[in-house]
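In listed order, ligands and their atoms are each counted from 1. These figures come from a predicted structure and were not determined experimentally. Computed over heavy atoms, backbone and side chain alike; hydrogens, waters and symmetry mates excluded.
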Amino acid sequence: VKELVAYVKRKGKRGIYQEYEEIRKEPPSGTFHCSKKPLNQIKNRYSDVLCLDQSRVKLSPQDDDDDDEDECSDYINASFMDGYKRSKAYIATQGPLPKTYGDFWRMVWEQMVLIIVMTTRVVERGRVKCGQYWPLEAGRTLEHGHFLVRNTRIQMFQDFKLSHLELSNTETGECRDLAHYLYVSWPDFGVPKSASAMLDFRAQVLQHQEASFQALSAEWSGAPGGPPVVVHCSAGIGRTGTFCTLDICLSRLEDIGTVDVEQTVRRMRAQRAFSIQTWDQYYFCYTAVMEYAQRRGLLPPVQWSDSDLETDSE
Ligand code: PTR
Ligand code: PTR
């Protein structure tokens, strides 16, 4: 990590910005055929945020759909992403649209998801960023497709809200518990000034995933580490990519003491195109890692001079 500080100081904010520009200029590493099919286009929240064919999450085909001559019923705008030493650690997805609520819950069911992390609010700056796809109040139940979603209990924290949900499959009669984390403190513009709220949030999510997975493990035959954590914002690339990049970098730091933000983002973009949307989200990944290292006593407090933080880029 000490080298990381030296690296950031040497490059300066402007150098890190250029590093991100390089990544951003690279063409996507795959095709988007499935996202572009006419029957699927209406399932994308943003026409310019599509999923790579190679890593998209496929829903099981539905018999009761008449429209699947060209296999459209298996489509949802969601991508598997690897974590640190863990394949398919996350599913990065867009904020569900009313048309795709049923598909979203079907994905959650089929992938045996235990935790949903939502990093956007439903409405921001007067614009709808995500549908109200889960019941907002405790005691409420919503029905989407073959699923009943019941909110059994809500816990409020300073920066996030945890809803305990019960998901029932009305076809099979089975029922499962899952957790819905709504992070509310991500500013509409840009990124948090201090990473500490985000770091605490991540720690809580990790702990919850581990505990829920232990409870499930007998039924699980997939990748070690358990089912993917669903992470979404509005488009599922900006804040989602930032959260997952941070999680990967910190897991690596804990394991072997090093960090590589640049490679992490490159790799992520090969699975979820366009991940990390702004250069300050990218820079935030660096500063958050340093803040974390300081909190863990791995780094002495970093002294920044004004010239380190200067930027002519805006
Ligand atoms: N193209 C967008 C616009 O015109 O508003 C720009 C944008 C980019 C808006 C990111 C919002 C963005 O992120 P968030 O939803 O995280 O605020
Ligand atoms: N076309 C949209 C726009 O730029 O407004 C796409 C977009 C929207 C991209 C939101 C990123 C966004 O941010 P996030 O992935 O954090 O929801």
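- Of all atoms in ligand 2, listed by their number and element, those nearer than 4.0 Å to a heavy atom of Asp48 are 1 (N), 2 (C), 6 (C).
- Close approach to Val49 involves these atoms of ligand 2, each under 4.0 Å from a residue heavy atom: 6 (C).
- Residues Asp255 and Arg252 are not paired through a salt bridge, judged by the lack of any N-O separation under 4.0 Å between the basic side chain and the carboxylate.
- At a 4.0 Å heavy-atom cut-off, ligand 2 touches Gln277 through the side chain alone.
- Leu182 and Leu199 are not part of a single hydrophobic cluster, where members link through side-chain heavy atoms under 4.5 Å apart.
- Contact annotation for Thr120 and ligand 2: no heavy atom of the residue comes within less than 4.0 Å of the ligand.
- Using the six-membered ring where Trp is involved, Tyr183 and Trp186 have ring planes that are perpendicular, over 60° apart on the 30 and 60° scheme.
- By the criterion of a heavy-atom distance under 4.0 Å, both the backbone and the side chain of Ile237 are placed next to ligand 2.
- The shortest N/O to N/O separation between Ala235 and ligand 2 falls below 3.5 Å.
- Under the rule for a side-chain hydrogen bond (donor to acceptor under 3.5 Å, both in side chains), Lys58 has no partner lying at least two apart in sequence or in another chain.
- Screening His164, His232, His208 for a ring pair (Phe, Tyr, Trp, His ring centres under 6.0 Å) with Tyr181, the sole residue that qualifies is His208.
- Here Glu19 pairs with Lys11 in a salt bridge; the nearest charged N to carboxylate O distance falls below 4.0 Å.
- Residue contacts with ligand 2: Thr240 is placed with no nitrogen or oxygen under 3.5 Å of a nitrogen or oxygen of the ligand (distance criterion only).
- Remark: Glu262 pairs with Arg266 by the salt bridge (Lys or Arg N to Asp or Glu O under 4.0 Å) rule, at least two apart or across chains.
- When each atom of ligand 2 is checked for a heavy atom of Gly236 under 4.0 Å away, the hits are 15 (O).
- Numbered from 1 in the order shown, with element, the atoms of ligand 2 that lie under 4.0 Å from a heavy atom of Ser234 read 17 (O).
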